[in-house]
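This report refers to the structure that appears directly beneath it.
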Amino acid sequence: MPDTARIERKLREHYPLPTQIATELAREAVRHAAEEESRQAGRQPRLRGRRRRRPILIMAGAAIALVAAGVAVAVSLLNVTPPRFSAAQGWHVGSTPTHSCDVGVTRGRCVMAEAWASTVPYRDCPNCVPPHKTLATLPPDGIIIQLTDARERPPYGTPGSWPTQIRASQVTRGPFEGVRRTNLSYAQLVVRSPHNVEHFLFVWFGRPHPTAQQLVRANAELRTVRS
Amino acid sequence: MAPKDELPADASTVDALFDEHWVTAWRAAYSVTKRRDLADDAAQDAFVNAVRSLATFDSSRPFAPWIAKIAVNRARDLLRAERRQNLASLDETTEAPVQVQVTGLLAAVAALPSEQREVVVLHHVLGFKLGEVAEIVGAPEGTVASRLGRAVAQVRQTTEAEHA
């Protein structure tokens, strides 16, 4: 009859362990979070000092800023900074200027700008999803990142942190509607940053399951985005 | 109140914490989800959140129960979110989640109700004391002890039936 100690020993030996890929992806994400935390920690003391010294002034300033912001929002046109990826080695990058979201949509209602980063020359229009021509030339190790940053009234999307990271569990195996090729995979995300900039992201991989190296490479390029 | 000992979020501290406690966080998350993909996400999120909150962590206390608690809570959140999503898209075709095929003792543990499976893994696999398990799962220590007793009895019964 198996006793508790034996059950415990067998469980400790055989209970599942994380895969190497999951471990490396998590290590990368945790390091990135630690770097961000260190940067923010360097800025916090100054903010705290100001808050302690002049709380009334800050509150009055905030009230004035809120009123001014309300007036500005009511009358102004929207704007969004065009996102840009870094042209790291092996990446082809590009972006568009800011424009209204569609024909007939005013810049007071919705504006957007697109950017892309691809390991092969990008051959499609900036917001063509899927990017047919580029996907046709994408090798198994290839990656295409398409990003649209938008600002609209009312804001859309789930609030989240940006730049984001792609995880293996967020990747869907092909096919994608309208694409003949089936040996591909993709991740699709929508994130709204704290400043109400909406980030619509597609990441395409040239194989049904991206390798750990592909995910790390895509995430490294995603972190370079400036928007 | 005595001042807390704070852990710095510098790279070497974080790397050391990750190396020492990643498997604990992952196994704790897996005890909730029974799925590798969700356990990967939950454990990673737990570590990222822990790193962001290191300034509030009292380093005179052990790190392992803290990270395990964050991982268990995150795993529960992800499961709940996925259930909501599945309910919202019942008409869509979705791929079956990846589950690990297990036999024998592991299958007996996997078949336990989630609240029993969690305490078995936290106590017998990860070596947490009953008080720590109680804090991690958010239940009284007596409840944890009775869950553990029932779970072990069930596992014994299942494995004996297999060997009979």
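Just so it is clear, the model here is predicted, and its values are computed rather than measured. Letters A, B, ... mirror the listed sequences (proteins, then strands); counts begin at 1. All heavy atoms count here, side chains included; hydrogens, waters and symmetry mates do not.
Interface remark: A:Arg27 contributes backbone and side-chain atoms alike to the contact with chain B (heavy atom separation under 4.5 Å). Within the 4.5 angstrom heavy-atom criterion, only side-chain atoms of B:Phe18, from C-beta onward, approach chain A. Interface remark: A:Ala168 contributes no atoms to any contact with chain B (heavy atom separation under 4.5 Å).
With hydrogens and angles ignored, the 3.5 Å screen pairs a side-chain donor or acceptor of B:Arg27 with a backbone N or O of A:Tyr15.
For A:Arg12, the CZ atom sits in a packed shell: over 12 heavy atoms of surrounding residues, nucleotides or ligands are nearer than 6.0 Å. Heavy atoms of other residues, nucleotides or ligands lying less than 6.0 angstrom from CZ of A:Arg84 number 12 at most. At most 12 non-hydrogen atoms from other residues, nucleotides or ligands lie less than 6.0 angstrom from NE2 of A:His195.
Between the CD atom in A:Gln170 and the CG atom in B:Asp37 there is a gap of 11.0 Å [rounded to 0.5 Å]. Taking CD of B:Gln44 as the reference point, atom OG of A:Ser169 lies at 8.5 Å (rounded to 0.5 Å). Going from atom CG of B:Asp41 over to atom CZ of A:Arg167 covers 4.5 Å, rounded to the nearest 0.5 Å.
Among A:Leu17, A:Ile21, A:Val30, the residue with the largest count of heavy-atom pairs under 4.5 Å with chain B is A:Leu17. With chain A as partner, the option from B:Asp45, B:Leu38, B:Val152, B:Asn49 having the largest number of non-hydrogen pairs under 4.5 angstrom is B:Asp45.
Closest heavy-atom contact between B:Val48 and A:Ala33: CG1-CB, 3.8 Å.
No side-chain heavy atom of A:Pro18 sits less than 4.5 Å from a side-chain heavy atom of B:Tyr30. Contact annotation: the side chain of B:Asp40 never approaches that of A:Leu25 to less than 4.5 Å [non-hydrogen atoms, C-beta and beyond]. Side-chain contact between B:Leu106 and A:Leu11 is present, with heavy atoms from C-beta onward closer than 4.5 Å. Contact check for A:Arg31 versus B:Val14: no side-chain heavy atoms found under the 4.5 Å cut-off.
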| Verdict with reasoning, B:Arg36 to A:Thr19, per side chain to side chain contact (heavy atoms under 4.5 Å, CB included) | CA-CA 9 Å; B:Arg36 284 188 170 276; A:Thr19 61; 3.8 Å; yes
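Take A:Tyr186 and apply the ring-ring contact (aromatic ring centres under 6.0 Å, His included) test, not counting sequence neighbours, and it matches A:Phe176, A:Trp204.
Using non-hydrogen atoms only and a strict 4.5 Å limit, the part of residues 113-129 of chain B facing chain A consists of B:Val120, B:Val121, B:His123, B:His124, B:Val125, B:Gly127.
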